[in-house]
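For reference, the structure discussed in these notes is given below.
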Amino acid sequence: MGARGGRGAARTGPAGSMGRRWGRGLRGALGSRRPQRWLRARRPPLSRLCSGPCWGAAGPGRSPTCRARSGAGLGRAVGQPPPAAGLSPSLARGRGQAPRLCLAVLLAALPTMAASEVVSAALQDSWGDFWLFRFFLNAAGYASIMVPGFLLIQYFKKKNYLETGRGICFPVIRSCVFGSEAKSAHPDDVSLAARNETMESSTAQQILKLLFCAAGLQASYLTWGVLQERVMTRTYGATETDPGEKFKDSQFLVFMNRILAFTVAGLYCALTKQPRHGAPMYKYSFASLSNILSSWCQYEALKYISFPTQVLAKASKVIPVMLMGKLVSRKSYEYWEYLTAVLISVGVSMFLLSSAPTKHLSTVTTFSGVVLLAGYIVFDSFTSNWQDALFTYKMSPVQMMFGVNVFSCLFTMGSLLEQGALLESARFMARHSEFAVHAVLLSICSAFGQLFIFYTINQFGAAVFTIIMTLRQAFAILLSCLIYGHAITVVGGLGVAVVFMALFLRVYARSRMKKRSKKLPAGEVPVQV
């Protein structure tokens, strides 16, 4: 070995010496052919092998002498530079084994890394399905539109744009920020005049109109309730081998409802005579935002509670409406209103405490449903009181419907586009044509139900409308139990009876109070569903 090394050095000089060392390192890493042939002929016992870690690093069967002859090149991987001068042979071997050790650790960690990716994806999906996460995500989308709009409104007001503004954009900015008319002292003049005209018509015509209004309200909202429960609680595309998939984005359903209601209200305002609009357009945005959030909570709550529970909770919203009326509008209430509110609370409590749900056994799930219902009631109460305040301007209910839905379409579309959920929901509709039909019918029932609400209040007043809608809630509970198999206990049935008894008592007491005071009933503002 030394003679050959000397001749090589003499023949090639320093470059030959470097090449010889790299060649030895290559043979040390891969193992020479001679020991492998010897190993195939006769495998020595472990006691005759070298004491060091020869297998894999210096080639099988290498002895300490063999390692000494191979020099510092043993144990290095292909392409590794020679160890630095002054390193001990054991340290050099450790450096040579490091790449192989890292490769082995990497290969062993691949299954764990893949599993962690699956877990992280599942965790991401679970967070994406968590209602509180989606609520804040939607709220962030609405804030990205409302905050710049608020800053623009403050800018135009501080600049006194109403006096200094000019140009083609001036009418639009004036209508959106300042409005065009002062508040009306009697916001119900238009509806009361129309109602006085209807009283002069014949009794047969009045009965036919009442039947038409009742049938339209019942058909619209009973169909809407059945479809709402179907969309939010059942799967689409289920087969014998595939369980199907559920639609999860409640905001898309709100968007579809609002865009159709916006279209219907716009056509109605264009085809019929309406009072001159005077309210600043931006004031509709507050009612629109609370209306979107209340509708989203209503859809989302069906994932955690049954439809009858939701209907009773909506029937009990008179309590937070009264509280909001005290806070927002500074209203005062009679003793019978507080009595009926207490009766409604007792009836709802009887129903909730007696029902033993079979689908939603988790305490977290039940708590989520209660929180979503509370959110729906709070947002809905704010919407109705804010609309009451807006009616101090001279406007019709259809104009209110149009103004609220303009901002509702803007908010929901902006949030859906920011999240990328609009295309995802459209792809879901393309995969499941049945869902597309249900979503369109849901929007049609909601939009035309609003028109029936306005027409009924305009023709017969809020008391008749309340009776019709109370009956609708009772029919909706019965229909849901028959179609979807919800079980109600005896105590729960008594709670339902107490709730509706309190609602009818409320209507009766209000009508008696109005007759006694000789005042015409003030129109109540219906809330979009």
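Numbering starts at 1 and runs along the sequence shown.
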(Q) Determine whether Phe262 and Phe402 satisfy the following criterion, ring-ring contact (aromatic ring centres under 6.0 Å, His included), listing intermediate values before the conclusion. (A) CA-CA 5 Å; Phe262 161 73; Phe402 178 82; 5.2 Å; yes
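A donor-acceptor distance shorter than 3.5 angstrom exists from the side chain of Trp386 to the backbone of Lys283, with no hydrogens or angles considered. Under a 3.5 Å cut-off, the side chain of Thr223 and the backbone N or O of Ser220 do not form any donor-acceptor pair. Side-chain N or O atoms of Lys303 include one that pairs as donor or acceptor with a backbone N or O of Lys248 at under 3.5 Å.
Under the rule for a side chain to side chain contact (heavy atoms under 4.5 Å, CB included), the partners of Ser288 that lie at least two apart in sequence or sit in another chain are Ile292, Val404, Phe407, Ser408, Phe411. For Tyr508, there are no ring pair (Phe, Tyr, Trp, His ring centres under 6.0 Å) partners, not counting sequence neighbours. Listed by chain and residue number, Thr239 satisfy the side chain to side chain contact (heavy atoms under 4.5 Å, CB included) test with Thr241 (two or more places apart in sequence, or in another chain). Every side chain to side chain contact (heavy atoms under 4.5 Å, CB included) that Glu337 has, sequence neighbours left out, goes to Met322, Tyr333, Glu334, Arg506, Arg510.
Evaluation of the salt bridge (Lys or Arg N to Asp or Glu O under 4.0 Å) test over residues 432-461, restricted to residues two or more places apart or in two chains, returns Arg230-Glu434.
When only modelled atom types and interatomic distance are considered, Ser446 and Asn257 share no side-chain donor-acceptor pair under 3.5 Å. Using modelled atom types, one finds no donor on one side chain facing an acceptor on the other under 3.5 Å when comparing Gln251 with Thr412. Judged purely by distance below 3.5 Å, without hydrogens or angles, the side chains of Thr309 and Ser306 pair a donor atom with an acceptor atom.
Cys481 is listed as a side-chain neighbour of Pro308, based on a closest heavy-atom distance under 4.5 Å. By the 4.5 Å heavy-atom criterion applied to side chains, Trp296 and Tyr376 are not counted as neighbours. Within the 4.5 Å cutoff, the side chain of Tyr299 has heavy atoms near those of the Gln228 side chain. Looking at heavy atoms from C-beta onward, Thr272 lies out of side-chain contact with Val398 at the 4.5 angstrom threshold. Glu245 places a side-chain heavy atom less than 4.5 Å from the side chain of Arg431.
A salt bridge does not link Arg234 with Glu229: none of the charged nitrogens is closer than 4.0 Å to a carboxylate oxygen.
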Listed pairs under 3.5 Å, donor-acceptor, residues 435-442 side chains, sequence neighbours left out:
unit_1, atom_1, unit_2, atom_2, d
His438, ND1, Tyr236, OH, 2.9

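With respect to Tyr161, the ring-ring contact (aromatic ring centres under 6.0 Å, His included) criterion is satisfied by exactly one of Phe170, Phe178, Tyr155: Phe170.
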